[in-house]
Amino acid sequence: MFGFESRIVRKMNAREKAQVEKLLEQHGLFFEGEPDRTVLVEDSAGNLIATASIQKNVIRMVAADPEWQEAGLAGVVISKILQYAREKDIFHLLVFTKPDMAEKFAAMGFAELARTEDAVFMESGRPASADFCRMLEAEKLTPERNPVGAAVMNCNPFTRGHRYLIEQASSRCGAFYVIVVQEDASEFPFEDRVELVKKGTADLPNVRVVPSGDYAVSRSTFPTYFLKDKADSAVAGVQARLDVTLFTKIFVPALNIEIRFVGTEPYSRVTEIYNEAMREILPKHGVTLEIIPRLESGTNAPISASKVREALRLGDVVLLEQLLPKVTLDYLASDRGRVAVAKLSEQTPQ
């Protein structure tokens with residue numbers, strides 16, 4: 001009845017990628033990341049009529065030509081991706097999709113975690129968000145006073161600026177949570193970043209450091225964060241609003257968060273867009289947004305992790321001593337730190 005063929009490819013050639021980009025654009029989507037596999041469905045003339053991709057455990061870029069709606073192509077590409085995931089023993093799947101696709105994923109066992117006007121975030125399998133929330137609740141502090149605050153930080157690496165924000169925020173709270181971005185898409189690995197934050201805040205008794213899991217500033221919820229100034233502002237806005245909404249569904253109830261703290265953002269447009277999303281969404285869920293001015297270095301410029309990475313590339317020891325606490329300087333002198341710096345030095349500055 002319907003003349004089409006489907007296949008799954010590891011790496012697309014230039015023609016295939018161009019076709020995928022065109023189909024995605026027609027659906028208000030855009031090509032992002034480096035998929036592990038992509039499903040391509042073509043008609044008898046070789047025209048692309050449906051596609052879907054997976055990167056690690058994240059399904060995205062799902063689109064089908066509406067003229068082929070009766071053929072159920074969205075179900076075809078999703079089924080192909082799920083089959084690949086089973087073969088690779090991927091048991092926890094996440095999907096960032098448009099609202100009109102949510103019903104199709106729900107029919108295949110996906111549960112909705114967060115929704116905005118433009119996007120829906122869903123998951124399937126274990127360990128799931130419920131397991132993650134139980135872990136958070138086990139880490140919950142018992143504050144002697146209110147309020148309870150939190151900040152989501154990448155700490156790539158941990159700077160004097162991060163320490164200053166945590167000091168300032170925690171002094172205003174009975175309990176304060178530092179939620180460290182767990183996505184390993186940064187120059188310094190997560191296990192090193194989170195350990196630096198724990199060591200660098202060990203003297204603050206009302207501070208608890210917890211991981212973000214897949215539920216805050218990850219490639220599944222907010223991939224444009226890792227593209228920074230290369231990201232499209234409109235797309236960043238859609239993803240930021242979904243990520244903030246998910247924060248209110250996962251972290252706020254599990255940790256009883258009342259205030260979310262951020263630093264001023266003089267450099268990154270993407271982070272500024274995220275801050276705008278927080279101003280819009282957090283108050284609707286009973287959470288106050290508080291912005292703390294960034295700590296400045298000896299040159300009267302705000303301290304940032306990007307400046308640290310630039311100084312590392314240049315080998316500017318004097319500047320690093322101005323920007324970094326002792327715990328990070330000691331780490332950079334360690335074997336693990338030297339490996340991270342060597343990898344950083346090999347990269348082309350963005």
Side-chain angles (χ1 to χ4, degrees), residues 1-27 29-115 119-132 183-185 213-215 218-221 223 242:
M1 180 178 176
F2 299 106
F4 64 83
E5 292 186 1
S6 64
R7 54 196 172 92
I8 186 165
V9 299
R10 181 174 180 274
K11 187 174 182 179
M12 290 175 282
N13 59 37
R15 173 182 169 276
E16 291 167 340
K17 186 177 179 181
Q19 284 191 322
V20 168
E21 289 174 340
K22 182 178 178 180
L23 183 60
L24 293 175
E25 185 179 351
Q26 292 171 356
H27 290 264
L29 303 170
F30 80 112
F31 190 92
E32 59 189 352
E34 298 179 1
D36 297 321
R37 292 292 188 278
T38 297
V39 177
L40 305 173
V41 180
E42 298 166 325
D43 64 16
S44 57
N47 300 309
L48 184 70
I49 52 178
T51 187
S53 294
I54 185 170
Q55 184 174 0
K56 294 184 178 178
N57 69 327
V58 183
I59 300 171
R60 55 195 323 119
M61 299 187 288
V62 181
D65 189 330
E67 293 186 6
W68 286 73
Q69 184 174 357
E70 293 183 10
L73 295 185
V76 171
V77 293
I78 295 169
S79 294
K80 286 278 187 181
I81 289 293
L82 296 181
Q83 180 182 347
Y84 165 79
R86 287 192 294 271
E87 291 171 354
K88 295 297 181 180
D89 294 330
I90 301 172
F91 300 112
H92 181 226
L93 289 166
L94 303 165
V95 61
F96 179 111
T97 189
K98 293 175 75 68
D100 60 2
M101 292 293 296
E103 187 176 336
K104 294 180 176 62
F105 280 100
M108 295 186 176
F110 283 77
E112 182 175 313
L113 299 183
R115 175 186 289 258
V120 178
F121 186 63
M122 309 178 78
E123 74 174 348
S124 173
R126 300 288 296 272
S129 57
D131 303 299
F132 183 75
E183 185 74 58
D184 256 329
D214 290 313
Y215 306 103
S218 70
R219 285 199 185 276
S220 54
T221 60
L242 187 68

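What you see is a predicted model; the values in this text were computed from it and never measured.
For the pair A85 and I54, the tightest heavy-atom approach, listed with the atom from each and the gap, is CB-CD1, 4.4 Å. The minimum heavy-atom distance linking A102 with M122 is given by the pair O-CE, 3.6 Å. Looking at every heavy atom in both residues, R126 comes nearest to H92 through O-CB, 3.6 Å. Residues I90 and K56 share a closest heavy-atom pair of CD1-O, 3.5 Å.
Side chains of W68 and V41 form no contact here, defined as non-hydrogen atoms less than 4.5 Å apart. The closest side-chain heavy-atom distance from K22 to Q26 is below 4.5 Å. Side-chain atoms of Q83 and I8, non-hydrogen and from C-beta on, never get closer than 4.5 Å to each other. No side-chain heavy atom of V76 sits under 4.5 Å from any side-chain heavy atom of V39. Contact of the R60 side chain with the P35 side chain is not registered, since no non-hydrogen atoms from C-beta on lie closer than 4.5 Å. Counting only heavy atoms from C-beta outward, the side chains of P99 and R115 approach each other to under 4.5 Å. Using a 4.5 Å cut-off on side-chain heavy atoms (C-beta onward), I81 and V62 make no contact. Residues R10 and R37 are in side-chain contact: their nearest non-hydrogen atoms beyond the backbone lie under 4.5 Å apart.
Here D214 contributes atom CG and L94 contributes atom CG; the two are 5.0 Å apart, rounded to the nearest 0.5 Å.
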Please evaluate residues R7 and E42 with respect to the criterion salt bridge (Lys or Arg N to Asp or Glu O under 4.0 Å), reporting the C-alpha separation (whole Å), side-chain torsions for both, the decisive distance (0.1 Å), and the verdict. CA-CA 9 Å; R7 54 196 172 92; E42 298 166 325; 3.1 Å; yes
Given the rule in the side-chain contact (heavy atoms from CB on, under 4.5 Å) test, do F31 and M61 qualify, once you have shown the distances and angles that lead to the verdict? CA-CA 7 Å; F31 190 92; M61 299 187 288; 3.8 Å; yes
How far apart are the C-alpha atoms of I59 and L82, what are their side-chain angles, what is the distance that settles it, and do they pass the side-chain contact (heavy atoms from CB on, under 4.5 Å) test? CA-CA 9 Å; I59 300 171; L82 296 181; 4.1 Å; yes
Check step by step if side-chain contact (heavy atoms from CB on, under 4.5 Å) holds for V95 and M101. CA-CA 10 Å; V95 61; M101 292 293 296; over 6 Å; no
Give the intermediate values and the outcome of side-chain contact (heavy atoms from CB on, under 4.5 Å) for residues D43 and D65. CA-CA 11 Å; D43 64 16; D65 189 330; over 6 Å; no
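For CD of E87, the number of neighbouring non-hydrogen atoms (other residues, nucleotides, ligands) closer than 6.0 Å is greater than 12.
For E103, the side-chain hydrogen bond (donor to acceptor under 3.5 Å, both in side chains) test picks out no residue, with sequence neighbours left out. Residues satisfying the ring-ring contact (aromatic ring centres under 6.0 Å, His included) test with F132, not counting sequence neighbours, are Y215, F251.
A donor-acceptor contact shorter than 3.5 Å links the side chain of E123 to the backbone of S129. Using a distance-only test at 3.5 Å, with no hydrogens or angles considered, no donor-acceptor pair links the side chain of Q19 to the main chain of E16.
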